[in-house]
Amino acid sequence: MLLQIKGKNFYHFDSISSTNSHMLELLSKFKPFDEGTVILADEQTQGRGQQGTHWESNKAENLTFSLYLCPSFLEVEKQFNLSKIICLAIQKVIQSKVDSPVEIKWPNDVYVSSKKIAGILIETVLMNNILKHVVVGIGINVNQTYFKSNTDKATSLKLECGSSFDRLALLEEVLDAIDEYYQQLKNKELASIHDDYLNKLLNLRQARYYMVNGEKVLGKIIGIDEHGRLELIINGNLFLFSNKEIEFILQ
Ligand code: BTN
């Protein structure tokens with residue numbers, strides 16, 4: 001196994017500002033960790049989400065951790081494949097526990113019944129156009145049953161299944177699943193990773209409403225391009241969107 005969560009590569013904090021921030025700070029100061037190192041926190045006082053948002057997570061109820069990868073084998077232009085494999089790994093583990101369909105909301109969220117159950121914040125450090133350090137921050141809602149900031153938009157394993165889960169056992173499952181997909185990435189199985197990602201993609205080939213430049217538009221996702229941009233057909237024309245340019249409207 002590449003990713004060992006027990007022993008020297010696993011740091012478990014009671015409370016920390018953010019596992020991603022901590023890992024990035026250590027990487028900027030000391031020699032790099034072994035690939036597969038995990039920093040887990042029971043509580044993050046400044047948990048960070050995508051686009052500068054706050055990641056809400058009650059103490060010791062969920063999984064909030066960062067995983068260190070150094071995929072120097074992957075061209076910078078192809079780095080969206082990292083998002084794909086991490087989403088696929090989390091989707092797979094959650095789907096093994098939940099009856100309802102577990103889907104990937106582009107670019108890198110995991111949803112159950114139109115509610116978010118997991119989010120990913122991947123932060124990279126480049127050197128000479130090579131992916132030197134990659135910090136994969138993962139938040140999975142496990143045993144939390146009430147979300148202050150996102151009452152009707154967030155869910156958890158406990159809300160979906162009615163019972164509590166052992167967080168460390170779940171972490172191990174997620175790391176095993178990431179390991180499996182990471183090997184596929186190393187083996188350059190990009191076409192099959194892409195197919196798997198599309199197979200799990202929320203709203204694929206369905207007419208749905210989105211917010212674009214403050215306007216509500218009806219569009220149909222037809223794919224994801226090689227840079228990870230969303231391919232959407234609106235009024236018969238193909239448009240490409242990057243993350244900040246479009247918002248899903250989920251009911
Ligand atoms: C999102 O907005 O969907 C991404 C959420 C990512 C949250 C995780 S929790 C562990 C890691 N540390 C952070 O500060 N954020 C990520």
Side-chain angles (χ1 to χ4, degrees), residues 3 5 9-28 33 36-69 79-80 82-91 93-94 102-112 114-125 133-144 147-157 165 167-168 170-172 174-175 178 197 200-202 228 230 242-248 250:
L3 309 166
I5 68 155
N9 290 332
F10 180 54
Y11 301 91
H12 190 167
F13 287 85
D14 174 61
S15 183
I16 199 177
S17 62
S18 147
T19 57
N20 265 36
S21 303
H22 190 64
M23 195 173 260
L24 285 167
E25 199 188 326
L26 291 177
L27 284 168
S28 73
F33 306 110
T37 292
V38 168
I39 296 181
L40 171 74
D42 288 342
E43 177 184 57
Q44 297 188 119
T45 53
Q46 289 169 59
R48 297 189 287 114
Q50 289 157 32
Q51 297 172 36
T53 56
H54 166 73
W55 183 253
E56 180 192 335
S57 180
N58 286 353
K59 185 166 185 174
E61 292 190 355
N62 303 308
L63 275 180
T64 48
F65 67 99
S66 300
L67 167 68
Y68 175 64
L69 296 176
Q79 63 181 296
F80 189 69
L82 285 170
S83 289
K84 288 182 192 166
I85 62 156
I86 302 296
C87 285
L88 283 167
I90 297 171
Q91 188 280 337
V93 172
I94 295 178
V102 180
E103 293 171 295
I104 296 169
K105 175 176 163 282
W106 174 86
N108 45 19
D109 293 329
V110 179
Y111 270 65
V112 181
S114 300
K115 292 182 178 187
K116 184 159 164 170
I117 195 160
I120 299 160
L121 180 65
I122 297 181
E123 298 185 286
T124 55
V125 178
H133 303 310
V134 173
V135 174
V136 180
I138 298 178
I140 303 178
N141 299 332
V142 184
N143 296 322
Q144 186 165 336
F147 295 86
K148 274 190 284 261
S149 49
N150 256 325
T151 333
D152 53 350
K153 289 189 187 143
T155 189
S156 67
L157 277 174
F165 287 80
R167 293 182 305 133
L168 288 184
L170 186 73
L171 172 63
E172 196 153 359
V174 171
L175 292 174
I178 291 175
Y197 182 85
K200 304 290 180 245
L201 200 64
L202 180 79
L230 191 71
S242 46
N243 197 4
K244 290 173 194 156
E245 298 170 342
I246 184 164
E247 201 185 313
F248 283 57
L250 300 171

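Counting starts at 1 for both ligands and their atoms, following the listed order. Computed from a prediction, not measured in an experiment: that's the story for all the values here.
- With hydrogens and angles ignored, the 3.5 Å screen pairs no side-chain donor or acceptor of Glu123 with any backbone N or O of Leu24.
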Write out each pair where an N or O from ligand 1 and one from the protein are under 3.5 Å apart, with the distance.
unit_1   : atom_1 : unit_2 : atom_2 : d
ligand 1 : 2 (O)  : Gln50  : N      : 2.7
ligand 1 : 3 (O)  : Gln50  : NE2    : 3.4
ligand 1 : 3 (O)  : Asp109 : OD1    : 3.4
ligand 1 : 3 (O)  : Lys116 : NZ     : 2.5
ligand 1 : 12 (N) : Thr19  : OG1    : 3.1
ligand 1 : 12 (N) : Gln44  : OE1    : 2.9
ligand 1 : 14 (O) : Ser18  : OG     : 2.7
ligand 1 : 14 (O) : Gln44  : OE1    : 3.4
ligand 1 : 14 (O) : Arg48  : N      : 2.7
ligand 1 : 15 (N) : Arg48  : O      : 2.7

Walk me through whether Val102 and Val110 qualify under side chain to side chain contact (heavy atoms under 4.5 Å, CB included).
CA-CA 7 Å; Val102 180; Val110 179; 3.4 Å; yes

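- Asp42 meets the salt bridge (charged side-chain N to carboxylate O under 4.0 Å, His left out) test with Arg167; sequence neighbours excluded.
- With hydrogens and angles ignored, the 3.5 Å screen pairs a side-chain donor or acceptor of Asn143 with a backbone N or O of Phe165.
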Check the pair Lys116, Tyr111 against side chain to side chain contact (heavy atoms under 4.5 Å, CB included), reporting the backbone distance first and the verdict last.
CA-CA 4 Å; Lys116 184 159 164 170; Tyr111 270 65; 3.7 Å; yes

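- Under the 6.0 Å cut-off for aromatic ring centres, Phe13 and His22 qualify, their centroids lying closer than that.
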